[in-house]
Amino acid sequence: MLFKELLISEKKSVIHTLDPRVKIIVSIIYIILSIIVNSVLSHLIIIILFLVESVLAKSVKAMMKSLTTVFPFFILIFLANYFLGGLSLSLSLVYSLRLLSLVAIFSLFFLTTTPDEVAETLDFFRVPHTIALSFTLAIRFIPSTARQISEIMDAQKSRGLELEGRNFIQRIRNLLPILVPVIVLSIKKSIEVAEALEVRGLNLNVKKTTLTPLKARKVDYLYFIGHFLLLILILYLDHLKISLFTFTIF
Amino acid sequence: MIEIKNLWFSYDTNLILKNINLTIHEGEFVAIMGDNGAGKTTLIKHFNGLLKPKKGRVLVDGLDTRQYTVARLSKLVGIVFQYPEKMFFCETVKDEIEFALKNFGFDPELRRKKVKNVITMLWLDGLENRSPFTLSGGEQRRLALACVLAWDPKYIVLDEPTAGQDGFQREILTDIIRNLRLRNKTVIIVTHDVEFVAELKPRVILMKSGEIIADGTADEVLSNHILMEKAGLIPPTISILSNELKRKIHNFPNLVNISDFMDKLHEYLKRGGGLCYLRSY
């Protein structure tokens, strides 16, 4: 099945049960961190940290799948910066490692947080409910849209459409019979969902309540403090400009 | 002939089909039945190579589906999927029908002829230049069928043809299937609509949890209430009625089809044998 790794797993682990507010704050901080730090070592620490967390979340397979999916881009960014951009080896590596660290952070968050938890967190941060809901629905419909694409591909292949082949232009043109039904069905579905939400009182101007109110526990504080300390360490290492290549001839 | 030999199929660790052995001969009319998740659609996706067996073999006219592309096998096996709107993308009904013909390399003159024939055959006259998206549910279903019948495949597979159809559309569909049978086409329907199957009386293959639990005539399978219950299906109304009558009329057969039932009842009434029982009933 397409995008199988994007399906939110039901596995319950300590990472899954963390307060989503803490996870979202930590993720945002680390996203900013991976954008601002410029040393190979800092990026490696971030990637290893989130890989270890994916082991704790019993989602290491899905995490590795996400990382290997973007690996060709990792190579491409590195080669483009090193050979075409004329950057140093270490800086070219930093730019490509940045992609991996961002993917690792995003993957861990979405693999361990349900759309409902994301919506609740956004509500907590006073994001308008309709925006929070749109965000949730967008995530929730990824697996069903993926399933739909797969079914459309089956239907068109059964009508003699060849999606494989050597001619690149022809392959792109052959995507049209897939894309048109996907767009039409997505629009139809969005109208249906909007109607279903309206008849269930989405637009009523009352304060929304939740079945299980968010509550931070000791483990959430520990998770946050641990990440905060690591953040200081990473910033310090970055400030010292320690890179793996400081000790090599590069 | 479609031959399925020791077919096993799974999605990752989820076993969907377990040791399926089945032969469908040319010109046969077959209904594959079972509840949701029985593996019916997964099975038919093996007929044109959309899915390849994990173990075992599927042979279509001797061609091993593992060795041929979906396009090559689709020329022999035409599948009409459950939701027709999922395959439409052209601006007009005519273009939609012509799409597969272009893919299969028919020349323009033959294409035009085939499109015209299939439009008449499926009662789509007057809709040629309409957008497929503006058609009614029944018309869309007929268009989906037209898109497949256009290239005249030897085996025609219909996935849940009656789902969401009103009585009138079902009648049209019944006529179309009868017409295909007259042309000696091999028709395979996947459904859990027992009344539809009881009316058409094909060979019935009953599936449950990825296994074939029964294979026989419609009368044999649909009238076996224990089997039907096992497959998660409700027997046809006529079969339930026959069963009730059986208690009152000695030797009254368990029938599934309304015309068979009426004939038998007429016969009994004419003989007078069962009349007194019926009166008391």
Side-chain angles (χ1 to χ4, degrees), chain A residues 1-11 58-62 64-65 111 141 143-167 169-193, chain B residues 11-12 14 16 41-42 44-51 68-91 95-106 131-134 140 143-151 153 155-159:
Chain A
M1 196 190 290
L2 285 164
F3 309 119
K4 204 178 68 184
E5 60 274 16
L6 285 169
L7 294 168
I8 287 104
S9 63
E10 293 297 320
K11 291 172 210 156
K58 295 170 192 158
S59 307
V60 70
K61 231 173 152 183
M64 288 311 289
K65 183 114 194 232
L111 283 169
F141 279 111
S144 80
T145 308
R147 218 175 357 253
Q148 209 163 54
I149 294 171
S150 172
E151 284 171 12
I152 292 166
M153 282 166 80
D154 281 353
Q156 304 302 38
K157 279 201 272 185
S158 300
R159 292 166 78 193
L161 182 75
E162 299 255 26
L163 291 170
E164 299 86 23
R166 286 181 194 165
N167 188 337
I169 304 289
Q170 191 59 40
R171 269 164 62 188
I172 299 290
R173 280 182 63 181
N174 282 352
L175 286 179
L176 192 74
I178 312 288
L179 290 177
V180 175
V182 170
I183 294 165
V184 171
L185 290 177
S186 301
I187 293 169
K188 268 190 188 171
K189 190 186 251 179
S190 64
I191 294 168
E192 280 169 13
V193 170
Chain B
Y11 286 111
D12 294 330
N14 193 8
I16 310 290
T41 304
T42 307
I44 60 161
K45 280 185 178 177
H46 280 84
F47 295 173
N48 70 349
L50 279 170
L51 296 175
Y68 292 88
T69 62
V70 178
R72 169 74 181 88
L73 294 163
S74 291
K75 218 168 172 184
L76 285 171
V77 184
I79 300 184
V80 183
F81 286 95
Q82 188 178 354
Y83 301 104
E85 67 275 15
K86 278 187 182 165
M87 59 191 260
F88 300 146
F89 73 100
C90 293
E91 282 180 34
D95 293 345
E96 199 66 64
I97 299 172
E98 217 181 349
F99 171 71
L101 299 177
K102 282 181 190 166
N103 288 333
F104 290 129
F106 288 93
S131 161
F133 298 106
T134 61
Q140 284 190 337
L143 174 58
L145 191 52
C147 289
V148 171
L149 292 184
W151 76 84
Y155 305 95
I156 297 149
V157 185
L158 309 173
D159 192 3

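Order of the sequence lines fixes the chain letters, A, B, ..., with proteins taken first and strands second; residue numbering starts at 1 for each chain. Computation of the quantities below employed the complete heavy-atom set of this structure, encompassing side-chain atoms and omitting hydrogens, waters and symmetry-equivalent molecules.
Interface check for chain B: of the options A:V182, A:D154, A:L179, A:I152, the most heavy-atom pairs under 4.5 Å are formed by A:D154.
Using a 4.5 Å cut-off between heavy atoms, A:L185 touches chain B through its side chain atoms alone. Looking at B:F88, only its backbone comes within 4.5 Å of chain A, counting heavy atoms on both sides.
Annotation: the span from A:L161 atom CG to B:F89 atom CZ amounts to 7.5 Å, rounded to 0.5 Å.
For the side chain to side chain donor-acceptor pair (under 3.5 Å) test, residues two or more places apart in sequence or in another chain that qualify with B:E96 are A:R159.
Shortest non-hydrogen contact noted between B:V70 and A:K157 is CG1-O, 3.6 Å. Heavy atoms only, all atoms of each residue included: B:N103 and A:G160 are closest at CB-O, 3.4 Å. Counting all heavy atoms, side chain and backbone alike, B:K86 lies closest to A:P181 at O-CB, 3.5 Å.
Residues of residues 71-82 of chain B having a heavy atom under 4.5 Å from any heavy atom of chain A, listed by number: B:A71, B:S74, B:F81.
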